[in-house]
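A short worksheet on the structure shown next.
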Amino acid sequence: MIMKRKSILVCAMIGLWSLSLQVYGQTTAGLDLYQQANALLRKGNADDARKAINLFNQAKKANSNLRRDCDERIQKCQSIIQKTNQVSLELSNEVVEIPWWGSDYQVGVMSSGNWNIEGLQDWLKTKQKTKSSFVLDCRNENNSTRERVSNLTVKNGNLYRSLKVVQKGRPEYIEVGAKSLSFPSEGSTEEVNVRSNARWDVRDVPSWCRVEKHDSLILIITSANDRVVSREDDIVIYSPNESVTIKIIQGAGEERLSVSQNEVVLPALGGKHYMRVYTDADNWFVGDFPSWINVHRVGSDSICIESGKNIPNGRERVGSVQVKTDRQTIGVMVTQASREAVDIIFPESKIVSGRNFSFGINASYAMPFVNTSAGGDFVGSVLDYSMGNSNENASYKLKTGFSFGLFADIRLYKNIFLIAGANFTQVNYKNEFDQPTEFTMQHNAFQYLKGDVTNSYKEEYSHSMLEVPILASYRFKLNNVSHIQLNLGPVLNFGMASKMKLRGNTDSNNLKVYNSYTHTIANNADQPHHVAMTGDFNLYQPCVAWTESYTDGSKEDINHHVTFTKSPMHRFNVGLRAGAAYEVAGISFGIYYTMMLSNMANKGYWEDKRWAVLNESNQVMSGYKHRIHTLEFKLAYTMRYWGQKNNK
């Protein structure tokens with residue numbers, strides 16, 4: 001009995017434990033399904049919402065505690081599905097009007113899904129279709145007076161919108177293949193095409209014509225004209241609201257008319273010319289003729305054509321004389337020979353002979369004139385000798401130069417020529433400075449040397465330039481191979497090299513030693529100072545290197561390098577050249593003067609610190625101007641007469 005009770009108790013405990021395990025498993029499975037469904041719901045699209053509903057229903061069955069939450073989530077899923085199932089479709093137009101000659105028209109589409117178009121016709125196409133628009137393509141003319149209509153349907157699923165497309169009818173018109181026709185005197189038939197969008201007919205047909213009407217053309221048939229004059233009339237093609245007039249002209253019947261000459265040439269000095277007229281008409285007469293001709297009838301079968309002297313302009317005069325009957329006209333071409341013009345300013349006998357275009361070479365000896373000025377009390381040179389007064393004025397001398405180059409000689413008109421070329425030019429000059437100056441130099445850390453020194457410096461300048469002269473030239477003819485030239489024009493000057501070579505000495509035997517603090521003589525013994533200065537200065541560069549050599553051997557040579565704010569000279573300058581030359585057989589001898597217009601000096605150098613080989617100076621030359629004028633004696637050869645025979 002006791003054993004039986006124990007068995008029952010054990011079975012009951014096992015059952016309760018199994019039930020608790022089953023309930024726990026169902027609860028855990030329900031939560032997993034609930035979490036999966038929430039993840040799908042958060043994606044927010046219809047397909048995932050449908051899957052989420054299924055999972056929420058399974059979660060409710062697995063865990064009754066989740067029933068309320070699952071029902072709320074199922075409602076949200078149904079709301080997403082309902083919104084997705086709503087279909088929309090809108091068009092930007094309900095009616096589109098297209099002109100009769102055709103055009104394109106863009107229609108906007110707002111749709112929740114894919115859409116298509118139905119109802120297109122042969123005269124109406126679509127193109128450039130996108131998600132939000134399409135273009136109606138109507139390129140065909142509507143030549144009918146009536147509108148044509150196409151009702152299109154744009155569909156998105158079961159939803160559709162209608163679009164009415166109307167192409168306007170063309171206003172009533174009539175077009176004909178010709179508005180003027182000419183018929184021969186014997187009569188003929190002409191076909192004229194007729195296009196219209198209305199019922200049309202023909203009226204006002206003259207009695208000497210007959211018109212046959214067909215669907216899209218008419219035949220105009222004329223009878224022979226037996227009259228001695230031409231005839232013309234109008235035929236009208238009309239519709240209810242439009243009309244077109246066709247002018248028809250028929251020539252007169254044949255009549256004999258001719259002249260003994262069709263072309264006449266009169267002499268330049270004028271004269272008379274007679275010609276015969278052959279016709280069977282008694283009433284023939286002279287028609288139009290130009291004002292410089294006088295024409296009149298002579299008897300029954302001739303005319304007289306006469307003219308005065310031709311205008312002396314070197315050109316022929318041409319005109320036409322008409323001889324007419326009632327039915328015919330014949331023309332006679334009249335030409336009067338040219339009469340040479342008399343040029344008072346440039347008579348032919350005074351025109352310079354030779355080619356209109358030729359090349360040449362030239363060489364010249366040049367004498368430069370250096371012109372300098374400044375706004376202060378002195379006009380110095382590139383070197384600063386530290387005096388700052390008129391004793392430092394530069395005096396340029398021994399001036400020489402040369403030039404050679406090529407040029408083109410071009411005749412512009414008669415005796416007016418243009419000379420353009422390129423020359424290499426070099427000018428040389430020098431400046432000397434031999435004034436005594438007071439000199440100061442450092443002796444040691446506490447003393448300096450001071451005293452009067454004698455100076456002897458030579459500055460040698462050399463300027464190499466590429467010149468481009470552009471000269472207007474007037475020539476006075478002497479004979480067939482010689483003339484005198486007067487030339488004037490600008491000269492463009494491009495600096496190639498500009499150098500100044502310095503050589504000189506500074507000497508003294510009586511410099512005194514001064515105290516640097518009290519500025520009193522510290523040692524009354526005379527101190528010698530003998531120095532030679534050498535240097536080459538490129539005047540187109542803002543720097544110079546030079547050497548200071550002690551000629552008594554007391555010290556080693558000292559090399560200096562100084563940099564300035566600007567270079568002393570400009571490379572590009574402009575001048576004005578004037579000259580005269582005598583040429584014979586292509587060889588010319590001339591004298592020219594070139595005045596430099598631009599300032600060759602670079603302001604930034606001259607109004608700042610200059611190159612100093614003695615003491616430093618605060619003297620500047622404000623407003624400094626440097627110009628090199630040249631006087632040239634030029635020998636040139638021009639290939640003016642090559643290949644030509646000259647008669648002196």
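Source: prediction; values computed, not measured.
Residue Asn283 places its CG atom among more than 12 non-hydrogen atoms of other residues, nucleotides or ligands, all under 6.0 Å distant. Other residues, nucleotides and ligands place no more than 12 heavy atoms under 6.0 Å from the NZ atom of Lys566. For NZ of Lys127, the number of neighbouring non-hydrogen atoms (other residues, nucleotides, ligands) closer than 6.0 Å is greater than 12. Remark: Lys324 NZ is packed, more than 12 non-hydrogen atoms of other residues, nucleotides or ligands lying under 6.0 Å away.
For the pair Thr329/Val323, no side-chain contact is recorded, criterion being any heavy-atom separation below 4.5 Å from C-beta on. In this structure, the side chains of Glu190 and Phe183 come closer than 4.5 Å at one or more pairs of heavy atoms. Proximity of Arg577 to Val491: side-chain heavy atoms (C-beta onward) are separated by under 4.5 Å at one or more points. At a threshold of 4.5 Å between non-hydrogen side-chain atoms, the residues Ile628 and His463 count as touching. With a 4.5 Å cut-off on side-chain heavy atoms, Val334 and Arg317 do not count as touching. Using a 4.5 Å cut-off on side-chain heavy atoms (C-beta onward), Ile98 and Trp100 make no contact. In this structure, the side chains of Phe476 and Lys350 stay at 4.5 Å or more apart for every pair of heavy atoms. Using a 4.5 Å cut-off on side-chain heavy atoms (C-beta onward), Asn142 and Trp101 make no contact.
Judged purely by atom type and a 3.5 angstrom limit, Asp233 has no side-chain atom pairing as donor or acceptor with the backbone of Ile249. Panel note: side chain Asn310, backbone Ala337; a donor-acceptor pair is recorded below 3.5 Å. A donor-acceptor pair is defined here as one N or O able to donate and one able to accept, closer than 3.5 Å; no such pair exists between the side chain of Ser464 and the backbone of Met496. Listed for the His483 side chain is no donor-acceptor partner under 3.5 Å among the backbone atoms of Leu478. In this structure, the side chain of Gln250 engages the main chain of Ser223 through a donor-acceptor pair within 3.5 Å. A distance-only check finds a donor-acceptor pair linking the side chain of Ser196 to the backbone of Ala198 [under 3.5 Å]. With Asn262 contributing its side chain and Val259 its backbone, the two residues share no donor-acceptor pair below 3.5 Å. A donor-acceptor contact shorter than 3.5 Å links the side chain of Asn602 to the backbone of Ser567.
In this structure, Phe407 has its ring center no closer than 6.0 Å to that of Phe359. With ring centers used as reference points, Phe402 lies 6.0 Å or more from Tyr365.
Look at Glu147 and Lys168 and you find a salt bridge, because one of the NZ, NE, NH1 or NH2 atoms lies within 4.0 Å of a carboxylate O, short of that distance. One finds a salt bridge joining Arg139 and Asp104 here, because a Lys/Arg side-chain nitrogen approaches an Asp/Glu carboxylate oxygen to under 4.0 Å.
Side-chain contact of Arg627 with Asn371: a donor-acceptor pair under 3.5 Å is absent, judged by distance alone. Judged by distance alone, the side chains of Glu583 and Gln485 do bring a donor and an acceptor atom under 3.5 Å apart. Using a 3.5 Å distance cut-off with no hydrogens or angles, the side chains of Glu632 and Ser364 do pair a donor with an acceptor.
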Between side-chain atoms of residues 235-245 and protein atoms elsewhere (two or more places apart, or another chain), which donor-acceptor pairs fall under 3.5 Å?
residue, atom, partner, partner atom, Å
Ser239, OG, Glu172, OE2, 2.5
Ser239, OG, Glu242, N, 3.2
Ser239, OG, Glu242, O, 3.3
Asn241, ND2, Glu172, OE1, 3.0

N/O donor-acceptor pairs under 3.5 Å from side chains in residues 205-218, not counting sequence neighbours:
residue, atom, partner, partner atom, Å
Arg210, NH1, Glu212, OE2, 2.8
Lys213, NZ, Trp200, O, 2.5

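A cation-pi arrangement is absent between Arg475 and Tyr413 under the rule of less than 6.0 angstrom and at most 45 degrees off the ring axis. Judged by the 6.0 Å distance and 45° axis criteria, Lys634 is positioned over the aromatic ring of Tyr592.
For Ser462, the side-chain hydrogen bond (donor to acceptor under 3.5 Å, both in side chains) partners two or more places apart in sequence, or in a different chain, are Asn428. Annotation: ring pair (Phe, Tyr, Trp, His ring centres under 6.0 Å) contacts of Tyr605 (sequence neighbours excluded): Phe564.
Here the shortest heavy-atom pairing between Asn573 and His570 reads ND2-O, 3.3 Å. The minimum heavy-atom distance between Met639 and Ser358, with the atom names listed, is O-CB, 3.5 Å. When every heavy atom of Ser320 is checked against every heavy atom of Pro290, the shortest pair comes out as O-CD, 3.3 Å. Looking at every heavy atom in both residues, Leu466 comes nearest to Ala422 through CD1-CB, 4.4 Å. Considering all non-hydrogen atoms of both residues, Tyr540 and Met569 come closest at CD2-O, 3.7 Å. The shortest heavy-atom contact between Pro568 and Gln541 is CD-O, 3.8 Å.
Only one option out of Leu471, Leu412, Asp409 pairs with Phe417 in a side chain to side chain contact (heavy atoms under 4.5 Å, CB included); it is Asp409.
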Does the pair Ile410 and Ile419 meet the rule for a side-chain contact (heavy atoms from CB on, under 4.5 Å), with working shown?
CA-CA 6 Å; Ile410 306 165; Ile419 303 174; over 6 Å; no
Asn225/Ser185 under side-chain hydrogen bond (donor to acceptor under 3.5 Å, both in side chains): CA gap, chis, key distance, verdict
CA-CA 5 Å; Asn225 184 8; Ser185 59; over 6 Å; no
Could you walk me through whether His273 and Leu266 pass side-chain contact (heavy atoms from CB on, under 4.5 Å), step by step?
CA-CA 8 Å; His273 184 85; Leu266 299 176; 3.9 Å; yes
Verdict with reasoning, Asn356 to Arg411, per side-chain hydrogen bond (donor to acceptor under 3.5 Å, both in side chains)
CA-CA 5 Å; Asn356 292 332; Arg411 189 192 303 268; 2.4 Å; yes
How far apart are the C-alpha atoms of Ser473 and Asn487, what are their side-chain angles, what is the distance that settles it, and do they pass the side-chain hydrogen bond (donor to acceptor under 3.5 Å, both in side chains) test?
CA-CA 4 Å; Ser473 178; Asn487 306 319; 2.5 Å; yes
Show, in sequence, the C-alpha distance, side-chain angles and deciding distance for Ile220 and Thr189, and conclude whether the side-chain contact (heavy atoms from CB on, under 4.5 Å) test is met.
CA-CA 6 Å; Ile220 302 176; Thr189 300; over 6 Å; no
Chi angles and distances behind the side-chain contact (heavy atoms from CB on, under 4.5 Å) call for Lys247, Glu232
CA-CA 7 Å; Lys247 181 175 287 296; Glu232 62 181 66; 3.7 Å; yes
Would you sort out whether Asn143 and Arg170 count as a side-chain hydrogen bond (donor to acceptor under 3.5 Å, both in side chains), showing the intermediate values?
CA-CA 5 Å; Asn143 287 318; Arg170 181 175 180 176; 2.9 Å; yes
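Evaluation of the side-chain hydrogen bond (donor to acceptor under 3.5 Å, both in side chains) test over residues 293-302, restricted to residues two or more places apart or in two chains, returns Arg276-Asp301, Asn294-Glu306. Judged as a salt bridge (charged side-chain N to carboxylate O under 4.0 Å, His left out), not a single pair has a partner in residues 479-499 (not counting sequence neighbours).
Under the 30°/60° scheme for interplanar angles, the aromatic rings of Tyr429 and Tyr396 are found to stand perpendicular.
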